[in-house]
A.B. asks: 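Here it is, the structure, as structure tokens.
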Amino acid sequence: MTNGTGARAGGAHGTRRARDARRWALAPAGGGRVRVCPLDPRGGRAGPVRTEESAAAAVRAGQGVARWVWRATAEVQPGLLAAGVRVERCYDVEAAEALLLGHEGRAGDPHALPAALARLRGLPVPPDRQPVHRETDPQPSLFETGPVPLPDGVDPLDALLEVYAAQVERTERAEHPERMRLLLAGESAGTLVAGEMGHAGVPWSAEIHRELLAELLGERYAGGGLPRRLVELEEEVSRAFGPHERVRPDLAADVLQAFARQGIRLGSTRAWELRKVDHPAVEPLLRYKKLYRLYTAHGWSWLRSWVREGRFHPEYVPGGAASGRWTTNGGGALQIPKVVRRAVVADPGRRLVVADADQMEPRVLAAVSRDPGLMAVANSERDLYTALSKRAFSGDRGQAKLALLGAVYGQTSGDGLRNLAALRRRFPAAVAYVDEAARAGEEGRLVRTHLGRTCPPVGREEGGAPADESSGTGPETGEGFAGTDGEPGQAGARAAGAVRARGRFTRNFVVQGSAADWAVLMLAGLRQRLADLAAELVFFQHDEVIVHCPTEETDLVREAIDAAGRQAARAAFGDTPVRFPFTTAAVRCYADAK
DNA sequence: TGCGCTAGCGCC
DNA sequence: AAAGGGCGCTAGCGCA
């Protein structure tokens with residue numbers, strides 16, 4: 001399929017008006033059919049409604065359409081992918097609703113078109129998800145949740161147009177409308193990337209995976225139960241406690257009791273706590289935990305559930321986390337342990353181009369805070385933490401990294417605090433920026449990224465008194481929660497703790513959320529740049545992408561990634577000298593990258 | 001049997 | 001070196 005590169009029939013005009021005129025709405029019409037119509041710049045209907053046999057047919061017929069507006073990409077895209085139809089751009093109304101609601105300082109049911117419609121019409125807002133009963137299921141107790149249906153008698157296309165037109169208007173009322181438009185476009189592109197990536201899947205060698213399981217865990221016994229290596233380690237742990245002891249390492253209570261019998265008091269069986277203890281059981285226990293984790297989370301049953309025909313197909317959820325980061329459903333795609341990456345192998349004649357953005361957090365902080373010193377450090381050499389350590393930590397890279405992450409995460413104790421003081425002296429604007437984000441959160445004010453992605457407001461159960469919705473939400477409001485009613489007893493302490501937690505959350509948000517903005521724009525740009533190649537995006541994890549491509553395309557792919565990263569930085573942070581370089585490797589096997 | 005909870009740990 | 005921010009997932013347990 002040809003991808004329109006520039007001028008095409010009827011459209012050499014590059015004005016926004018002309019582009020908007022080529023937006024079309026698409027809504028289901030029953031039986032797989034869809035109804036489509038052109039839109040005017042304000043989001044209203046600009047021409048007759050047509051009915052098409054399927055979304056794929058509509059997209060094929062609508063070659064001049066610049067952007068498809070629909071309820072949710074996840075609803076339409078499976079049909080398109082099955083038919084092999086690619087969409088250039090879309091506008092996902094439910095993804096946009098989530099961002100706009102957040103920007104407006106409102107919470108709740110962001111992902112449902114019916115809820116948005118109800119708000120517009122002043123009707124009771126339905127819940128976000130609702131139980132769905134499958135008729136084929138004989139068990140009436142088996143329910144699962146699904147998207148909320150529109151009320152009876154409401155036409156899906158009418159509902160879509162009504163909500164979309166209101167969104168266009170709300171976008172114009174955003175603090176920075178042009179930035180919000182960019183964010184909405186980026187988030188929508190993200191939904192396309194997410195679906196395509198899940199569809200393509202990560203090339204996965206079940207054979208190599210099984211080999212490494214056998215190598216690390218030993219063989220499985222015929223009667224089921226734990227693999228050999230785990231059984232051996234369990235015996236070793238027990239023996240370390242005494243000749244007739246039996247301690248089951250995966251039962252925390254068992255382990256704690258065993259240590260207590262030997263006079264060793266532990267608050268938990270966490271690995272970092274165990275490491276502080278001098279006892280012969282510790283070493284095999286730690287090895288057991290490591291391997292048990294592999295066995296349960298990425299072992300044989302994981303392989304059976306998630307890998308088919310040489311591909312691992314995760315379901316990505318763009319913006320699934322409060323910070324705007326993506327999450328996944330099932331398969332734990334964003335937590336693939338390093339050892340298992342040996343099983344990720346390119347097809348014959350292909351390579352995996354693995355690109356990892358270098359030291360994302362400090363670069364983001366430099367860009368958003370515009371701290372002159374930190375911006376200079378961000379460009380002085382490849383490894384930012386080394387540069388940082390030379391400026392402020394007498395060459396100790398580890399300390400420099402810890403101090404910076406401590407500032408971003410809201411560290412409250414330990415060496416980090418002393419290091420934080422050093423950081424504050426050298427980079428006052430950077431530290432002040434995250435401090436201000438924390439204070440805003442504690443006072444119940446809204447906290448946003450440059451593009452306008454906004455930290456969700458305090459939840460009701462989160463403790464403390466949430467900011468009164470009616471009291472305004474601008475940065476200038478907020479007497480804070482300091483004077484909440486109630487006696488200064490335990491409840492007061494709990495509320496104070498919740499307020500501080502909120503501060504850490506918003507402190508982190510300005511960095512993590514801004515990184516999420518950058519990442520989704522980078523993905524959007526990369527998707528477009530790869531459109532004319534045989535390369536496919538197969539994996540994304542916060543600040544890392546994997547592109548699976550013919551060996552001869554690796555250089556082009558590297559260039560595309562770098563260009564997409566540069567473009568995303570300009571878009572997400574405005575005019576900034578801060579660069580966001582990638583470490584890129586073209587490898588046969590994921591484990592060989594970096 | 002299913003649900004909600006905690007503990008623990010993988011990734012960024 | 002310390003144990004903080006964001007997540008998903010599994011196992012085990014108590015409860016209905």
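By convention in this document, chain letters (A, B, ...) are assigned in the order of the sequence lines, proteins followed by strands, and residues within each chain are numbered from 1. Given the structure is predicted, the values throughout are model-derived calculations rather than measurements.
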A.B. asks: Using atom CG of A:Leu405 as one end and atom P of C:dA2 as the other, report the distance to the nearest whole Å.
C.D. replies: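 The answer, rounded to whole Å, is 15 Å.
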
A.B. asks: Answer yes or no: does a side-chain N or O of A:Lys290 lie under 4.0 Å from OP1 or OP2 of B:dG10?
C.D. replies: yes

A.B. asks: Take the protein atom CD of A:Glu273 and the nucleotide atom P of B:dC9, then report the distance between them rounded to whole Å.
C.D. replies: 10 Å

A.B. asks: When you compare the side chains of A:Thr583 and A:Asp356, does any donor N or O come within less than 3.5 Å of an acceptor on the partner?
C.D. replies: no

A.B. asks: Tell me, do A:Pro203 and A:Arg311 make a side-chain contact under 4.5 Å, heavy atoms counted?
C.D. replies: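 They are in contact (side-chain heavy atoms under 4.5 Å apart), so the answer is yes.
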
A.B. asks: Scan side-chain atoms only and decide if A:Arg246 and A:Ser238 contain a donor-acceptor pair under the 3.5 Å cut-off.
C.D. replies: no

A.B. asks: B:dG10 P sits how many Å from A:Tyr590 OH, rounded?
C.D. replies: 16 Å

A.B. asks: Can you tell if the side chain of A:Glu196 reaches within under 4.5 Å of the side chain of A:Leu537, non-hydrogen atoms only?
C.D. replies: no

A.B. asks: Rounded to the nearest Å, what distance is computed from the NZ atom of residue A:Lys289 to the C1' atom of nucleotide B:dG10?
C.D. replies: 13 Å

A.B. asks: One character per nucleotide, please: for nucleotides 6-14 of chain C, 5' to 3', B when the base has a protein heavy atom closer than 4.0 Å, S when only the sugar-phosphate does, - otherwise.
C.D. replies: BSBSSSSS-

A.B. asks: To check you understand the geometry: which heavy-atom pair defines the closest contact between A:Ala322 and A:Phe509, and what is its length?
C.D. replies: O-CE1, 3.6 Å

A.B. asks: Using a 4.0 Å heavy-atom cut-off, does A:Arg341 contact any base of the nucleic acid, only the sugar-phosphate backbone, or nothing at all?
C.D. replies: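 Sugar-phosphate: the residue A:Arg341, judged by heavy atoms under 4.0 Å, touches backbone atoms but no base.
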
A.B. asks: Give the rounded distance in Å between these two atoms: CZ of A:Arg504 and P of C:dA3.
C.D. replies: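 Taking atom P of C:dA3 as the reference, CZ of A:Arg504 is at 12 Å.
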
A.B. asks: Does a side-chain heavy-atom distance below 4.5 Å link A:Leu374 with A:Leu388?
C.D. replies: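 A:Leu374 reaches A:Leu388 side chain to side chain.
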
A.B. asks: If I take atom CG in residue A:Leu285 and atom P in nucleotide B:dC9, what distance separates them, rounded to the nearest angstrom?
C.D. replies: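 After rounding, the gap between these two atoms is 9 Å.
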
A.B. asks: How long is the line joining CZ of A:Arg270 and P of C:dA2, in whole Å?
C.D. replies: 18 Å

A.B. asks: What's the CG-P distance between A:Leu274 and C:dA3, to the nearest Å?
C.D. replies: 17 Å

